[in-house]
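Single-structure report; data block below.
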Amino acid sequence: MHDLDPLDPTYVAEILSKPPFITVPGVINVRDLGSYPSTTHPGKITKPNQLLRSAELSGITDEGKTILKDLKVTKVYDLRSDTEIRKYDAPFPKIEGVDVVHIPVFQTADYSPEMMAKRYQLYASGKTEAFIELYSQILDHGGHSFGAILRHVRDHPNEGCVFHCTAGKDRTGIMAAILLRLAGVDDEAIAQDYALTRVGREPAREMIMARLAKEPLFASNNEAALNMFTCRHETMSAFLKHFDEKYGGVEQYVRQYIGLSDKDIETIRNNLLVDAGSQTSND
């Protein structure tokens, strides 16, 4: 399967050097959700440097910490489980002036051997339908976690934040989709953002594969591990359709699963958007 092959390093370096990617030494897959045009609010774009998505921050360097502070990041929201943090020996970073808030999507019980075996089998298939089932589990379990980030946008519109999971693909990708949907960004742009993780994760490809090789299901099945690595445009497109059909769309989801009011939603949307005027968009 050609989309599982390693990417050309020159191509990867070129893409990572340009927006929406941001270079933060010691962290992979960092990118800005700003500068995307809103289709529901013409003339508006998502606010630059307000919301950053990434992989885990445990390896961030001093230079990387300085960059986050220069970007006026005040909060890091960590979507990983306690189990992952221990298993991968990837502790929370200490960054002066930045609060790290642990908001796991899945609790420890969700990482039982039986639950993980089922989840890995879905990942291993690489099928769009399997990812939609996985992403439904994230939506079903993630209301508390996603609510913390949305309330940050509601209450602290001028303070940047980073949200991340382990690789910055699935839980992080669903949170990004919720935010961009609320801002009125079209589904094509949301799917393109999701697919950029294919490039963003590439520098850590060997590390990720080594981690997966320790799991029994993947140890003897390299293609299954590579399937978990995928982040196809069509996967997010299909998920967004499912999001509308099963959950009633983003506004209904945040009302029902997070408990936000219509007024909250309006405030969050207003805080996500700025005039396009002097900005350069990602479109």
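- Counting heavy atoms from C-beta on, the side chains of His233 and Gln192 come closer than 4.5 Å.
- Contact check on Asp32 versus Arg53 returns no salt bridge, with no Lys/Arg side-chain nitrogen under 4.0 Å from an Asp/Glu carboxylate oxygen.
- Note: Tyr253 and Tyr257 have parallel aromatic rings, judged against thresholds of 30 and 60 degrees for the angle between ring planes.
- Ring geometry, Phe106 versus His141: the interplanar angle falls from 30° to 60°, so the pair is classed tilted.
- For Asp82 and Lys87, the salt-bridge test fails: no basic side-chain N is under 4.0 Å from an acidic carboxylate O.
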Derivation and outcome, side chain to side chain contact (heavy atoms under 4.5 Å, CB included), residues Leu33 and Leu52: CA-CA 6 Å; Leu33 290 186; Leu52 307 182; over 6 Å; no
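- Ile60 CD1 to Ile67 CD1: the interatomic distance, rounded to the nearest 0.5 Å, is 8.0 Å.
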Audit row: Ile28, Arg205, side chain to side chain contact (heavy atoms under 4.5 Å, CB included) steps and yes/no: CA-CA 10 Å; Ile28 64 158; Arg205 182 185 185 91; over 6 Å; no
Trace of the side chain to side chain donor-acceptor pair (under 3.5 Å) decision for Asn29 with Arg31: CA-CA 6 Å; Asn29 204 16; Arg31 54 191 193 268; 2.6 Å; yes
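- No hydrogens or angles considered: a donor-acceptor pair under 3.5 Å links the side chains of Lys47 and Asn158.
- Taking the charged nitrogens against the carboxylate oxygens, Asp262 and Arg255 do have a contact shorter than 4.0 Å, which makes a salt bridge.
- A salt bridge is defined here as a Lys NZ or Arg NE, NH1 or NH2 lying under 4.0 Å from an Asp or Glu carboxylate O, and Arg154 with Glu159 fails to meet this definition.
- Using a 4.5 Å heavy-atom cutoff, the side chains of Thr74 and His152 are in contact.
- Between the side chains of Ser81 and Glu84, at least one donor N or O lies within less than 3.5 Å of an accepting N or O.
- Taking 4.0 Å as the cut-off between side-chain N and carboxylate O, Glu133 and Lys246 do not count as a salt-bridged pair.
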Test log, rule side chain to side chain contact (heavy atoms under 4.5 Å, CB included), inputs Arg211 and Tyr88: CA-CA 8 Å; Arg211 281 182 176 180; Tyr88 300 137; 3.5 Å; yes
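- Atom CD of residue Gln252 and atom CD1 of residue Ile265 lie 8.5 Å apart, to the nearest 0.5 angstrom.
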